[in-house]
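Take a look at the structure set out below.
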Amino acid sequence: MKQKASLILGIESSCDDTAAAILRYTKGENGSQTEILSSIVLNQNNLHQHFRGVVPEIAARAHSERLDSCTKSALQKASIMIDEIDLISVTSGPGLIGGLLSGIMFAKGLAQGLNKPLLGINHLAAHCLSVRMVHSITFPYLTLLASGGHCQFLIVENIDVFTRLGSTIDDSPGECYDKIAAFLGLGYPGGPHIEKRALNGNENRFSFPKPMLNKKNCNMSFSGLKTAVKRQADDIILKQGGLYPSDIDDICASFQKSTVEVFKNKSEYAMEIFKEKYGFVRGNFAIVGGVAANKKIRNSLEKTALKNGFDFFPVPQEFCTDNAAMIAYLGSQKFISGNYKTEDLIPKPRWPIDLKAKPLLGFGKRGIKA
Ligand code: KG4
Ligand code: ZN
């Protein structure tokens, strides 16, 4: 069943950002065009900052209180009336169950009231496809998805098929940025704070580990790096009674250097596998997810890509971190392809995108993590 969707409302509430966006998708004779008419993101930083991490119950309540006004703002900014919407698309996993439920319930009410189709979208798949919302990148492409909950190298074969080449075996890099920022007394989320402090720091002052660098595969580990950074900070505090601003700058810069090195090295393995699989002379490499907003990481991976015969496609920073435009975009693509199911609307805290890949991250009673 091939269908046309033109105005799409996207809704995102899987973690601590309440987001709504309006997209116009036009399919004409000369190909298709995606316009992001509005993208509103209401972060909850002030609610969670005090706890140095996301408190799921507080997040869920805040989502249900704000989804309505967030959607109204998105409609207003796009100059669209609610009944002009052709399709609603909502994140249904993976994420915090309370937030997913808030978003899905809100979207269901809206879809039923307006008598419009509603699609449940995988948040990780939306990050991976977000690059196509802004760049014309052809399938298959290699992507590094680095966010607050995940870190994976994937081949995006098409909008439905993903092949995982490697993944973190423990923490995500975003978690690492957030936890290091928390014990250094910087704000939440940690990524932008660490990136800023690192600009003034000496990246060679501390030699932090680069976990799994010698393993010839695309798997990564960040928890040992996080612990090493914490130990170093504790050592300095013990010796001199606290951290000078320059110590914090140097720790941030040295930590970031290790992260950049891990990404660079593992991206090269991923590129080798990609080239072996497809025999491409030139490939496409995209970086997506919150951590991909980091300029140092973007610049380093751009060089790595070009050196290894890949064209580089960074997602604009505002669409690296969580947003609803990517949810609307993937919704539009799935709707047109006709490949979606009502079960997709069931909230799923865990929902890996490559089900064939061996689980590397726990396998508890709630299922495979990623
Ligand atoms: O993709 P995202 O918004 O949410 C998840 O799906 O997890 O990613 C959020 C993560 C946070 O851990 C945040 O600290 C990190 O992305 N982040 C950054 C930067 N901006 C956000 N990490 C490093 N450098 C940044 N500039
Ligand atoms: Zn995300």
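Treat the numbers as computed from the prediction; the structure is a model and nothing was measured. We're numbering straight along the sequence, starting at 1.
Enclosure of atom NZ in Lys116 by more than 12 non-hydrogen atoms of other residues, nucleotides or ligands within 6.0 angstrom is indicated. More than 12 heavy-atom neighbours from other residues, nucleotides or ligands sit within 6.0 angstrom of CG on Asp83. The number of heavy atoms from other shown groups lying within 6.0 Å of CD (Gln112) does not exceed 12. Asn115 CG: 12 or fewer foreign heavy atoms inside a 6.0 Å radius.
No side-chain N or O of Tyr329 forms a donor-acceptor pair with one of Thr34 less than 3.5 Å apart. The closest side-chain donor-acceptor pair between Glu261 and Thr259, if any, does not fall under 3.5 angstrom. The closest side-chain donor-acceptor pair between Asn339 and Asp160 falls under 3.5 angstrom. For Asn204 and Lys257, the side-chain atoms include at least one donor-acceptor pair closer than 3.5 Å. No side-chain N or O of Asn46 forms a donor-acceptor pair with one of Tyr188 less than 3.5 Å apart. Glu12 and Thr91 are linked by a side-chain donor-acceptor pair at a separation below 3.5 angstrom, with hydrogens and angles left out of the test. Residues Gln256 and Asn294 bring a donor and an acceptor atom of their side chains to less than 3.5 Å of each other. Checked by atom type, the side-chain pair Thr304/Glu268 shows no donor-acceptor distance below 3.5 Å. A side-chain donor from one of Asp170 and Ser221 sits under 3.5 Å from a side-chain acceptor of the other.
Annotation for Leu42: hydrophobic cluster partners, listed by chain and number, are Ile40 (ILVMFWY side-chain heavy atoms under 4.5 Å, direct or chained).
Closest approach of Lys356 and Phe162 over heavy atoms only: NZ-O, 3.7 Å.
Residues Met133 and Val315 form no side-chain contact, since every pair of their non-hydrogen atoms from C-beta on lies 4.5 Å or further apart. Side-chain atoms of Lys266 and Phe153, non-hydrogen and from C-beta on, do get closer than 4.5 Å to each other. For the pair Lys210/Leu225, no side-chain contact is recorded, criterion being any heavy-atom separation below 4.5 Å from C-beta on.
Looking at Leu142, Asp354, Leu144 one by one, the single match for side chain to side chain contact (heavy atoms under 4.5 Å, CB included) with Leu165 turns out to be Leu142.
Listed by first then second residue, pairs satisfying ring pair (Phe, Tyr, Trp, His ring centres under 6.0 Å) with a partner in residues 49-70 number zero, not counting sequence neighbours.
Put simply, the side chain of Asn323 gets close to the backbone of Met326: a donor and an acceptor are under 3.5 Å apart. His135 places a side-chain N or O within donor-acceptor distance of the main-chain N or O of Pro314, the cut-off being under 3.5 Å.
Remark: Arg132 qualifies as a cation-pi partner of Phe139 under the 6.0 Å distance and 45° angle criteria applied to the six-membered ring. A cation-pi contact, defined as under 6.0 Å to the ring centre and within 45° of the axis, is absent between Lys334 and Tyr340.
Applying the side-chain hydrogen bond (donor to acceptor under 3.5 Å, both in side chains) rule to Glu35 yields no partners; only residues at least two apart in sequence or on another chain are considered.
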